[in-house]
Amino acid sequence: RQALEEMRALYERNQADVSEAKAGRTDLIFLIRFRHCCLLRNQRCLLAYLYDRLLRIRALRWEYGSVLPNTIQFHMSAEEVEWFNRYKKSLATYMRSVGGEEGLDLTQDIKPPKSLYIEVRCLRDHGEFEVDDGTTILLKKNSQHFLPRWKCEQLIRQGVLEHVLS
């Protein structure tokens, strides 16, 4: 906001000096050029700041998923929330278009997994859980299972399962 106020003041002073320079005061031309360079510098700084915020908002989609916590959303402007929602929809459309009928969830593994199967422990009773081959597993509290990583990632995020590191 301070940069915008400074830019507004520089612009207004330049407008006044330009009208005087047109009337014949050529000594103001260098001052007008200097102020114009200051305006361009401030503009570049503001654009770099806004671009950095957009990159951070884009990273929030990959980190938190499609719904942002209220504490983060509180610090965003209405335009930033709108940009986040448009990016979220665009990413969802792309993920549905790739990977066959079900689509491909690109946000599931930010870093490539070391193995396709992981050992998990149930933290609470969840009920039956179906694996790709059609077998069902009963997820009871304190039971341990060896499951495909991509099938249980969502349950780990929900707190139903925990990854057992051996």
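Just so you know, residue 1 is the first one in the sequence shown, and it goes up from there.
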Straight-line distance of [X] [atom1] to [Y] [atom2], nearest 0.5 Å:
X    : Y    : atom1 : atom2 : value
C152 : R157 : SG    : CZ    : 11.0 Å
L54  : E79  : CG    : CD    : 11.0 Å
N142 : R124 : CG    : CZ    : 13.5 Å
L91  : L106 : CG    : CG    : 6.5 Å
R1   : L46  : CZ    : CG    : 12.5 Å
F84  : R58  : CZ    : CZ    : 12.5 Å

### Task
Only pairs at least two apart or in different chains count here, so list each ring pair (Phe, Tyr, Trp, His ring centres under 6.0 Å) that has a residue in residues 114-141.
Y117-F146

### Query
Does the side chain to side chain contact (heavy atoms under 4.5 Å, CB included) test come out yes or no for C122 and V160, once each step is laid out?
CA-CA 6 Å; C122 291; V160 175; 5.6 Å; no

Within a strict 4.5 Å, meaning less than it, do heavy atoms of the [X] and [Y] side chains meet?
X    : Y    : answer
R35  : Y11  : no
L40  : H36  : yes
R121 : S143 : no
Q15  : E12  : no
R25  : L28  : yes
L139 : L155 : yes
I57  : M76  : yes
E119 : H145 : no

Under a 3.5 Å distance rule, please check whether [X] uses its side chain to pair with a backbone N or O of [Y] as donor and acceptor.
X    : Y    : value
S90  : R86  : no
N42  : M7   : no
E80  : S77  : yes
D125 : K140 : no

Consider only side-chain heavy atoms of I, L, V, M, F, W and Y, link residues closer than 4.5 Å, and tell whether [X] and [Y] are in one cluster.
X    : Y    : result
V18  : L39  : no
W62  : V81  : yes
I32  : F34  : no
I137 : V120 : yes
L31  : L10  : no

Check [X] against [Y] and note the closest heavy-atom contact, atom names and distance.
X    : Y    : answer
T71  : H75  : O-CD2, 3.0 Å
G159 : L123 : O-CD1, 3.5 Å
E128 : L138 : N-CD1, 4.1 Å

If you count heavy atoms of other groups shown closer than 6.0 angstrom to [atom1] of [X], is the number above 12?
X    : atom1 : result
H163 : NE2   : yes
L47  : CG    : yes
N70  : CG    : no
Q2   : CD    : no

### Query
Stepwise, does the side chain to side chain contact (heavy atoms under 4.5 Å, CB included) test hold for V164 with Q144?
CA-CA 9 Å; V164 177; Q144 286 193 217; 4.2 Å; yes

### Task
Determine, step by step, whether D17 and R13 satisfy the salt bridge (charged side-chain N to carboxylate O under 4.0 Å, His left out) criterion, reporting the C-alpha distance in whole Å, the side-chain angles of both residues, the deciding distance to 0.1 Å, and the verdict.
CA-CA 6 Å; D17 286 349; R13 280 190 259 153; over 6 Å; no

#### Entry: Full working for side chain to side chain contact (heavy atoms under 4.5 Å, CB included) between R149 and L116
CA-CA 6 Å; R149 175 184 293 273; L116 296 177; 5.9 Å; no

